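First up is the structure itself, then whatever we jot down about it.
Read the numbers this way: they start at 1 and go in the same order the structure lists the ligands and their atoms. Bear in mind that the values here come from a model prediction, so they are computed numbers and not experimental data.
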Amino acid sequence: MRLIILGGPGAGKGTQGQRLCQALNIPCIATGQVFRTAIAEKTPLGCKAAPYVERGDLVPDELAIEFMRDRLTQADTSNGWLLDGYPRTAFQAEELNFLLEDLRQTLDWAIWLDAPVAMMMERSLARSRDDDAPEIVRRRLDLFHQRTIPIVEFYEMRDRLLRIDASLDADTVHADVLAQVNATQNG
Ligand code: ADP
């Protein structure tokens, strides 16, 4: 199974992504997490990503795309994966299509965790990570609307979108996602 999970900051991508990967036994590739770890460890990727992540901006597309090209050619991804945080721009979505063509893989579903803005704001502020300060969260929410919502439309037009009500509790959201993924797989 090859899945991407879309949603704004605080929509529950991290929580739902991890639970889904466990349930389906596929690796979870969370770019935000990858960048944060790389920054903490001061790796070359981390040094390049740091100034962007710290102010709530997206890292340049080239950097994100290069990372993903590397990551999806590693052995553990040959039987499936879930991407959390990628693609985040229309350009990344198109590049992912090209990459999958090269790798002769197909995306099963883009799962959109749809939650009201006020709820995403509240949940993000409750986490208190370095990049979860109010003005930075606001920046990330703006970027989500400007840059990531067009990707939702990109997958919707290709009949690859599953829309999930992410305002419900985590267990219900998880059950809904699994039910939709399984229903579409069997049908
Ligand atoms: P969020 O809670 O906003 O969904 P993430 O943990 O997914 O945050 O990402 C944290 C940060 O990492 C983003 O604010 C951005 O700077 C960077 N980032 C993650 N994925 C990407 C990507 N695909 N393209 C560009 N920047 C990214």
Side-chain angles (χ1 to χ4, degrees), residues 2-21 27-73 77 81-100 107 110-152 154-155 164 166-167 170 173 177:
R2 298 187 178 90
L3 302 170
I4 69 179
I5 193 156
L6 300 169
K13 296 192 307 285
T15 310
Q16 296 301 330
Q18 274 174 13
R19 293 180 67 164
L20 201 52
C21 285
C28 182
I29 303 167
T31 46
Q33 202 49 52
V34 167
F35 291 138
R36 282 197 195 89
T37 307
I39 292 168
E41 292 172 355
K42 296 196 165 60
T43 66
L45 176 71
C47 294
K48 285 187 214 157
Y52 303 95
V53 175
E54 281 159 9
R55 42 169 206 267
D57 278 338
L58 296 179
V59 309
D61 277 336
E62 303 72 55
L63 201 61
I65 290 164
E66 191 186 305
F67 164 76
M68 204 44 79
R69 187 168 276 278
D70 259 27
R71 186 64 188 85
L72 287 186
T73 45
T77 60
W81 36 254
L82 177 143
L83 309 184
D84 161 3
Y86 190 95
R88 246 202 178 67
T89 65
F91 187 60
Q92 290 180 11
E94 281 167 16
E95 285 295 320
L96 179 63
N97 268 2
F98 293 138
L99 175 58
L100 295 183
L107 178 73
I111 298 162
W112 179 29
L113 297 181
D114 187 15
V117 172
M119 181 176 271
M120 292 196 278
M121 186 80 191
E122 195 182 310
R123 286 182 183 168
S124 295
L125 294 180
R127 303 194 282 219
S128 66
R129 287 184 317 212
D130 285 352
D131 58 340
D132 283 329
E135 65 285 0
I136 299 177
V137 170
R138 224 164 276 129
R139 171 93 188 116
R140 283 165 43 213
L141 272 169
D142 283 351
L143 278 173
F144 168 69
H145 285 107
Q146 287 166 27
R147 309 296 301 273
T148 309
I149 285 290
I151 306 185
V152 166
F154 176 96
Y155 290 113
I164 303 287
S167 68
V173 174
V177 175

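Among residues at least two apart or in separate chains, salt bridge (charged side-chain N to carboxylate O under 4.0 Å, His left out) pairs with a member in residues 111-126 are Asp114-Arg163.
Qualifying side-chain contact (heavy atoms from CB on, under 4.5 Å) partners for Glu54, counting only residues two or more places apart in sequence or in other chains: Ile39, Ala50. Residues passing the side-chain contact (heavy atoms from CB on, under 4.5 Å) test with Arg36, sequence neighbours excluded: Gln33, Arg129, Asp131.
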Any protein N or O within less than 3.5 Å of an N or O in ligand 1? List each pair with its distance, or say none.
residue: ligand 1; atom: 2 (O); partner: Arg127; partner atom: NH2; Å: 3.2
residue: ligand 1; atom: 2 (O); partner: Arg140; partner atom: NH2; Å: 2.7
residue: ligand 1; atom: 3 (O); partner: Arg88; partner atom: NH2; Å: 3.4
residue: ligand 1; atom: 3 (O); partner: Arg140; partner atom: NE; Å: 2.9
residue: ligand 1; atom: 3 (O); partner: Arg140; partner atom: NH2; Å: 2.8
residue: ligand 1; atom: 4 (O); partner: Lys13; partner atom: NZ; Å: 2.4
residue: ligand 1; atom: 4 (O); partner: Arg88; partner atom: NH2; Å: 3.0
residue: ligand 1; atom: 6 (O); partner: Arg36; partner atom: NH1; Å: 3.1
residue: ligand 1; atom: 6 (O); partner: Arg36; partner atom: NH2; Å: 3.1
residue: ligand 1; atom: 7 (O); partner: Arg88; partner atom: NH1; Å: 3.4
residue: ligand 1; atom: 7 (O); partner: Arg88; partner atom: NH2; Å: 3.0
residue: ligand 1; atom: 8 (O); partner: Arg88; partner atom: NH2; Å: 3.2
residue: ligand 1; atom: 9 (O); partner: Arg88; partner atom: NH2; Å: 3.4
residue: ligand 1; atom: 16 (O); partner: Asp57; partner atom: O; Å: 2.5
residue: ligand 1; atom: 20 (N); partner: Thr31; partner atom: OG1; Å: 2.8
residue: ligand 1; atom: 20 (N); partner: Gly85; partner atom: O; Å: 3.3
residue: ligand 1; atom: 20 (N); partner: Arg88; partner atom: NH1; Å: 3.1
residue: ligand 1; atom: 23 (N); partner: Gly85; partner atom: O; Å: 2.8
residue: ligand 1; atom: 23 (N); partner: Gln92; partner atom: OE1; Å: 2.9
residue: ligand 1; atom: 24 (N); partner: Gln92; partner atom: NE2; Å: 2.9
residue: ligand 1; atom: 26 (N); partner: Val59; partner atom: N; Å: 3.0

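Taken from CZ in Arg140 to NE2 in His145, the straight-line distance is 13.5 Å, to the nearest 0.5 Å. Summarising the geometry, atom CD1 belonging to Ile149 is positioned 4.5 Å from atom CH2 belonging to Trp112; distances are rounded to the nearest 0.5 Å.
The local environment of OH in Tyr52 is sparse, with at most 12 non-hydrogen atoms from other residues, nucleotides or ligands closer than 6.0 Å.
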